[in-house]
Structure formats: C-alpha cells, structure tokens
J.: 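Structure below; questions to follow.
When reading the values below, keep in mind they use all heavy atoms of this one structure, side chains included, and skip hydrogens, waters and symmetry mates. A, B, ... follow the sequence lines: proteins, then strands. Residue 1 opens every chain.
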There are 2 protein chains.
Amino acid sequence: MTATPTPRVTIKDVAARAGVSKGAVSLAFNHKPGLSEATRDRIFLAARELGWSPSLTARTLAGSRVDVVGLAVCRPARVLGLEPWYMEFVSGVQSVLTEHSSSLLLRLVRNMDEEVGVQETWWRGRQIGGSILVDFRADDPRVAMTERLGMPVVAVGHPSLTGGLTSVWTDDATAVTEAVRYLAALGHRRIARVGGAADLGHTAIRTAAFDETAGALALAGAWQVATDFSGDAGARATRSLLTAAPADRPTAIVYDNDIMAVAGLSVAAEMGLRVPEDVSLLAWDDSQLCRLTHPTLSAMSHDVHGFGADVARTLFSVISEGEGGSHPVPTPVLTPRGSTAPPR
Amino acid sequence: MTATPTPRVTIKDVAARAGVSKGAVSLAFNHKPGLSEATRDRIFLAARELGWSPSLTARTLAGSRVDVVGLAVCRPARVLGLEPWYMEFVSGVQSVLTEHSSSLLLRLVRNMDEEVGVQETWWRGRQIGGSILVDFRADDPRVAMTERLGMPVVAVGHPSLTGGLTSVWTDDATAVTEAVRYLAALGHRRIARVGGAADLGHTAIRTAAFDETAGALALAGAWQVATDFSGDAGARATRSLLTAAPADRPTAIVYDNDIMAVAGLSVAAEMGLRVPEDVSLLAWDDSQLCRLTHPTLSAMSHDVHGFGADVARTLFSVISEGEGGSHPVPTPVLTPRGSTAPPR
DNA sequence: ACTCTTCACTGGACCGGTTAAGGGAGTGCG
DNA sequence: CGCACTCCCTTAACCGGTCCAGTGAAGAGT
C-alpha cells in the first residue's frame, strides 16, 4: 500500500555505467557528432540496462526545444463535451504530433482572458514550444499577445481575423456560396441558415457570404439565426423556422455543423415534415454522424482530420524555420446525400 | 518577418527589482512563511510590473510537484474522431484540472506497447505528476508498469481488471442486467446486444452479464455481436440482426454506445421497420445525441462529465495523499424515451 | 623530430527555480 | 551588559540535463 519509492536514474548514472562523462551521454542521445561508434553503443547499452530516458524537463530548462504543443479551447463553464469537429481536429493534430514524438497540452478555458493568461503562462514557463490558436473573433487579443511574446503559433482562421500570424484556413465564404447556389439550382427560393456562435469570426464570414449570395440570386426568402452550436439550439432554431405557413417558410436549411443538422432532421420528423420532400437539410463538417441518419445528410464536407494534420505540420515548420504566411486548405465540397432534393 | 527575440524575464530580474534575493521571491510565490508583509507586497508588485510568472519547468526540475496529468488513449491509426463519451469524459476531467490550474497532456497511441512507452517516458521525464489510465483489458500490462514506476494513477475500470491500482468504475454488470430486465418487463423475449470492442475489459463484463441475465430470464432469443464502437459497425450489426424472419429476429436491441444506437435507428428506418413498434432500441452513454433523434433514444444514462470529474479528483488525492482503493460511481440509470416500447 | 590538425572525450558553467542552513538585527530577560 | 531567542532574509547547493571551451592522443605534413 505504501507508495513505491521511485529510484530516479539520471544521466550521471548512465555516464558512470558506460564509463564516460555526462557530456558524452548527452551527445549520444542527441545524435550529435563527436563520438566513436563503440562509445555510442556502450552508452545506449548502459541506458537501456538502467531504463533511462532523458528528462524532458531538464532538457527544456537547459535551453533546447520543447516538444509540447498547446491548445486552449474556449467553452462555457460546464461543457457538454466538445463537438465532433473538435475531436476530429484534435485527432488529426495528434497524428502528426505522434510522428514527432510530441504531445498535446490541452486546456478548456472559459473566456478569452483566461486563454490569453494560459497561453502566456505556458509559453513563459516553457511548457510549450508553440501553440495552436482556434476560434478567432474580430479584434482578437491573441494576435497582439503572440507578437508580444514572440511565440510560434498557427492561427486557425481567415487571414482577415488572424492579423500577421501564420494561418491555416478554409474558405468559408466560397463554401457558403456554393451551398446556397446548389440549393438554388435545385429550385429552392426560400433558404435559411442556422449559424454558429455570432461572436466567432468564421460565423461572421459565413453570415456575410450568405447574405451576399442570397442577394445575388434574388431569393424570395433568406433567414439567418445565430446559435451556440448545440443540438438543442439547432432544434429550437429549426422549430421556429418551420412553424410559419407553408408558403412562407424555408424549403431548405443550411446548418453550421452536423450536430445541429441532426437535430433539425428530428424536428422536421416531429413536425410531420418529410425530408427532403418538404424541406431540404444541408449539414456542415460531415462527421460520421451524417452517414448514420435516415435520410442520410447532405453536407459540405471537409477533411477535418487532414486539416488538423496540416495545422500541426505548419506549426512544426513555424517552430523550426519561422515560416509564416497564410495557408488555405481545400474548400469544403458539397456531398449530396438523401436530405436535399428539389422542393415540391 | 524575423522572429521576435523573446525577452525572458526570470526570478533574478524580479529579485533585483524588488531589492531582495531569489530565495525571497521563491518564498513569496509559494506562500511560505518567513517574509514580512511589506517585502511580500514589494515582490508581488515587481513581478506584476515585469510580467513574470515562475517557470514550471524549473520548478519541476527543482523537485516540487508536477501539475500536469497524462492521458493516453489507444486508437487505431487513422482515427475518425473519438466517441462522444470521450469528449464528455475529457471535459469533465478538465473541469477539475482547471480548478487546480493543471493541464492535460493528451496523446493518441496506436497500441498498448506504445502507451506503456509513452507513460514511462512521461513519468521518467517528469512530464506528468500522475496519469489517468483508461480502456483496461484482461492482464493489462499497465498494472505492472504502474507498480514498477511507482507512478500515481487512477485506473478507469472494474477492480477485477485494474489489479491493486486505485480505480474508479461504473457497475457495468448491474447496468446491463437492468437494461435487459427492463426490456423483458416490457414483454420482449428476443433481445440482442451490439457490444463494443471485444478485447476491452468492460465489454467482456457486459457480455458476461448479458448472458447471465438472458439465462436467468429464460429469454427465447439472445444475440451478442462485437464491434469496434463505430457507427458503421453498429449499422452493419443492426442490419444483420434485423434481416431474419420477423418471428426469429430480436424485438429489442441494446447498444454499447450512442453512436451505434443512432446508426441502428437509421438502419431500422431504411429497412422499413418502425421504432419502437417493430423494434425497440436502447442506447448507452446518453450524450446529447440521444435527445436529438426521432424518435428520441432511450438510454442507460450516466453522468460522464461528472465521472471524468470524479476521476480527476481521485487522481489529485492519489498524488497528494497516496490514497488508494476502489471507488464505484453511481450505476447508469435507465432513461426511457421514445425508442423503447412493448413489442407488438 | 617537430609542429599542426583532427578526433574523441572531459570538465564545468549554466538554465530558473527550491530549499536547507546560516547570519544579522532586534527584543526579552536575568 | 550579555545571552538566548525570534524574525527576516541571504547564501549556496542542488535538480538533470545542454553546450562550449579545453585537453590529450593519434595521425599528417614537412
């Protein structure tokens, strides 16, 4: 029951066992020149026998690079779990980190001030070698913070939001336009969009693009609602959109994520409307969820896993080569499934 | 474009500005006795002016406690995002970590060997102060590893799987029994279970409990299928269960998570079967998804967020007080919704 | 045979904190 | 007045690595 005392083995022990100095062990483990093959082997052997691996903490303190990447996600206090988008994104990030033997330092924060504090503490305390910044909003304080700290980051967001930071982004405006044009091409003249959180930059971009496209196509009706991305909010929004008289309500709805689209599907069923005959539904983000409903959900699909991987790769090149710039990734493409059709 | 040089401010700068020694600053920041109020204030003022916060790296190296918690999740190579359960679990863990100003070091690994290696490296390198171990299987190598390393951990799993480790667990056997009894009470005599990954310990426990209960109730039919927890697998399993002749197929299906239950719902619809009239469906884990489908999904529900929080709290007491033992949390309770009813 | 390189390795300062031991000033007391 | 006892603060060793200047021996060049 008593805690086993941990016999901490250090570089000194390895050096002693291999009959060399600490410096030599350090050289060997960092694959630096200046050691004979024989010595190198002896050192690795000794290390293996003692079960030693270098202390990242000490290594970090001594000034070499830190191989931990930070990610702070801003969510309200009692979160009901992250959306599928995040999990896929994180898993994509991880897949690249793993190749570099890095880990992800994850933290949920409640607001932007807290995030700024956390990032600053992480960086100052040399906890992380760089960070991934997500959910940009207008006049985001993290732009100034990053420049002040000189911390390597990758900003996930449109360059108009991320200032001079290295950014990786999807072209949300074009995607929204494509979505609306597709629905219009099917014959829809009254289209609604159930959007995400209004304070998020990419939501604003999508909202503007929707308005513009609706205007350009001279739609007979165009509605937009802001939500908090939750299924419940998506359900409420859908319910209020669909309670209007048949001649006045939208015949197609675009959702800003897939959870809300699933909720919309169920609201339609509950109200006795058939999808896609009575109303077409188009989701965003296309996680496996979209293929599991009945009818299956048409979606603007997007390789979120690959996106996360791209972000991570970009971060590594920022860290090692100070690379900057703006990196667009492929625009989400429309994947028609069973939830969209011409209006009756 | 050139990287901004980071002007790293250290404890020495703060000491100089406050006109004291490094040691005094350290005392102040650790709230230890031996300093006058006046000096303490002067030190905090200086720190604030310089924007200094102690380097966790250095602090860790100097032997004090590490406030990062590890979590390695074992998934096949190219993951399509984690299940909702994980997201809620992680968010519950985070909520407690945040109170302690700790962060979560997250890593996706491909197999058990890799996980053991990662945990060992983390602990040896003083990257983490303790770890959360999940997804136990029979003869799990992490039990021996933990004892060998003397690392504080909390094992998420039934004590029969986690050996002498401090464990936090839900009573899966009782929950399965309750689920089956409930369906039997509704009048179902042919019941199937779409289970999770067969190599996981809790899956085995559920499988055994299902068999036992089916036997005890002398059901006319009892099927069990193993899957990988994915929606696709859930859909396949459901399809094959429901293709039998009406008199031979199950009238109720229990799923091991909610994603598979959603998939099952859609398969039923696709096959022209009504839920719950033709077949009842019962989910597990009860994330928001279950309330968003139509019909809504009955589920064995379980406060996963709270569970994560409990696990984190337990880990902190293991770290600080070496607490051990086995901590059951409340058994999942049945939440009947629209997907279960008496068979026709 | 002598100096000049090159190679392989050592010694020790250093990273930024913590902590135990020590020291000087101020007070209480015989 | 001298001594002990606090109270506050300083000093310096240490944590486990990295890194650079330096050393000693072998080989090359003349």
J.: For B:Ser36, answer base if it contacts any base atom (sugar-phosphate contacts may also be present), sugar-phosphate if it contacts only those atoms, and nothing otherwise; contact means non-hydrogen atoms under 4.0 Å.
T.: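 Sugar-phosphate only.
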
J.: Taking only Lys NZ, Arg NE, NH1 and NH2, and the carboxylate oxygens of Asp or Glu, determine whether A:Glu120 and A:Arg148 approach each other closer than 4.0 Å.
T.: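 Yes.
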
J.: Just how far, in rounded Å, is P of D:dC19 from CG of A:Leu35?
T.: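 Distance, rounded to whole Å: 14 Å.
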
J.: Using a 4.0 Å heavy-atom cut-off, does B:Thr10 contact any base of the nucleic acid, only the sugar-phosphate backbone, or nothing at all?
T.: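 The answer is sugar-phosphate, as B:Thr10 gets under 4.0 Å only of primed atoms, P, OP1 or OP2.
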
J.: Looking at the side chain of A:Trp52, which of D:dC15, D:dG17, C:dT19 is the nearest nucleotide?
T.: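 From the listed options, D:dG17 comes nearest.
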
J.: Quick check on the helix from C:dA1-D:dT30 to C:dG30-D:dC1: what's the angle between its two end axes, five base pairs per end, to the nearest 10°?
T.: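 Here the helix ends are tilted 60° relative to one another.
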
J.: Establish, with yes or no, whether the OP1 or OP2 oxygen of C:dT19 is under 4.0 angstrom from a side-chain nitrogen or oxygen of B:Lys22.
T.: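 Indeed not, no polar side-chain atom of B:Lys22 lies that close.
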
J.: Any sub-3.5 Å donor-acceptor pair from B:Ser326's side-chain atoms to B:Thr166's backbone N or O?
T.: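 It does not hold such a pair.
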
J.: Given atom NZ of A:Lys32 and atom P of C:dA8, what is their separation to the nearest angstrom?
T.: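 Going from A:Lys32 (NZ) to C:dA8 (P), I get 17 Å.
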
J.: Kindly point out which of D:dT10, D:dG17, C:dG17 is positioned nearest to the side chain of B:Ile11?
T.: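 Nearest to the side chain of B:Ile11 among the choices is C:dG17.
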
J.: NA contact type, A:Val20, heavy-atom cut-off 4.0 Å: base, sugar-phosphate, or nothing?
T.: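 Contact class for A:Val20: sugar-phosphate only.
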
J.: Scan B:Ile132, B:Val304, B:Leu104 and name whichever one has a side-chain contact (heavy atoms from CB on, under 4.5 Å) with B:Val90.
T.: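 Only one of B:Ile132, B:Val304, B:Leu104 forms a side-chain contact (heavy atoms from CB on, under 4.5 Å) with B:Val90, namely B:Leu104.
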
J.: Could you state the CG-C1' distance from A:Leu61 to C:dC15, rounded to the nearest angstrom?
T.: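 Going from A:Leu61 (CG) to C:dC15 (C1'), I get 4 Å.
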
J.: Closest approach to the side chain of A:Ser26, judged atom by atom: which nucleotide of D:dT18, D:dC15, D:dT10 is it?
T.: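 Side chain of A:Ser26 sits closest to D:dT18.
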
J.: OP1 or OP2 of D:dG16 versus the side-chain N and O atoms of A:Ser55: is any pair under 4.0 Å?
T.: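 Checking A:Ser55 against D:dG16: no side-chain N or O falls below 4.0 Å of OP1 or OP2.
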
J.: Nearest to the side chain of B:Ser21 - C:dG16, D:dG16, D:dT10?
T.: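 For B:Ser21, the side-chain atoms sit closest to D:dT10.
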
J.: If the test is side-chain contact (heavy atoms from CB on, under 4.5 Å), which one of A:Val68, A:Leu105, A:Thr60 qualifies with A:Gln127?
T.: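 Single pass found, and it is A:Leu105.
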
J.: Would B:Phe136 and B:His202 count as a close aromatic pair, with their ring centres under 6.0 Å?
T.: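 They do not qualify: ring centres at least 6.0 Å apart.
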
J.: Are B:Val134 and B:Tyr86 close enough that some pair of their side-chain heavy atoms sits under 4.5 Å apart?
T.: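 Touching, per the 4.5 Å side-chain cut-off.
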
J.: Taking for each residue the nucleotide of DNA chain C with the nearest heavy atom, is it B:Leu27 or B:Ala58 whose nucleotide lies nearer the 5' end?
T.: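 First, find each residue's nearest nucleotide; the 5'-ward one identifies B:Ala58.
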
J.: Starting at CG of B:Asn30 and ending at C1' of C:dG17, how long is that distance when rounded to a whole Å?
T.: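 Rounded to whole Å, this separation is 9 Å.
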
J.: Any pair with a residue in residues 16-41 of chain A that passes ring pair (Phe, Tyr, Trp, His ring centres under 6.0 Å), sequence neighbours left out, goes on the list, sorted by first then second residue, please.
T.: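 For residues 16-41 of chain A, and leaving out neighbouring residues, the ring pair (Phe, Tyr, Trp, His ring centres under 6.0 Å) pairs sorted by first residue read A:Phe29-A:Phe44, A:Phe29-A:Trp52.
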
J.: At under 4.0 Å between heavy atoms, what does B:Thr57 touch on the DNA or RNA strands: base, sugar-phosphate, or nothing?
T.: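 The answer is nothing, as B:Thr57 stays clear of every strand by at least 4.0 Å.
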
J.: Any idea which of D:dC15, C:dT10, C:dC9 is nearest the A:Thr39 side chain?
T.: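 Of the candidates, C:dC9 comes closest.
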
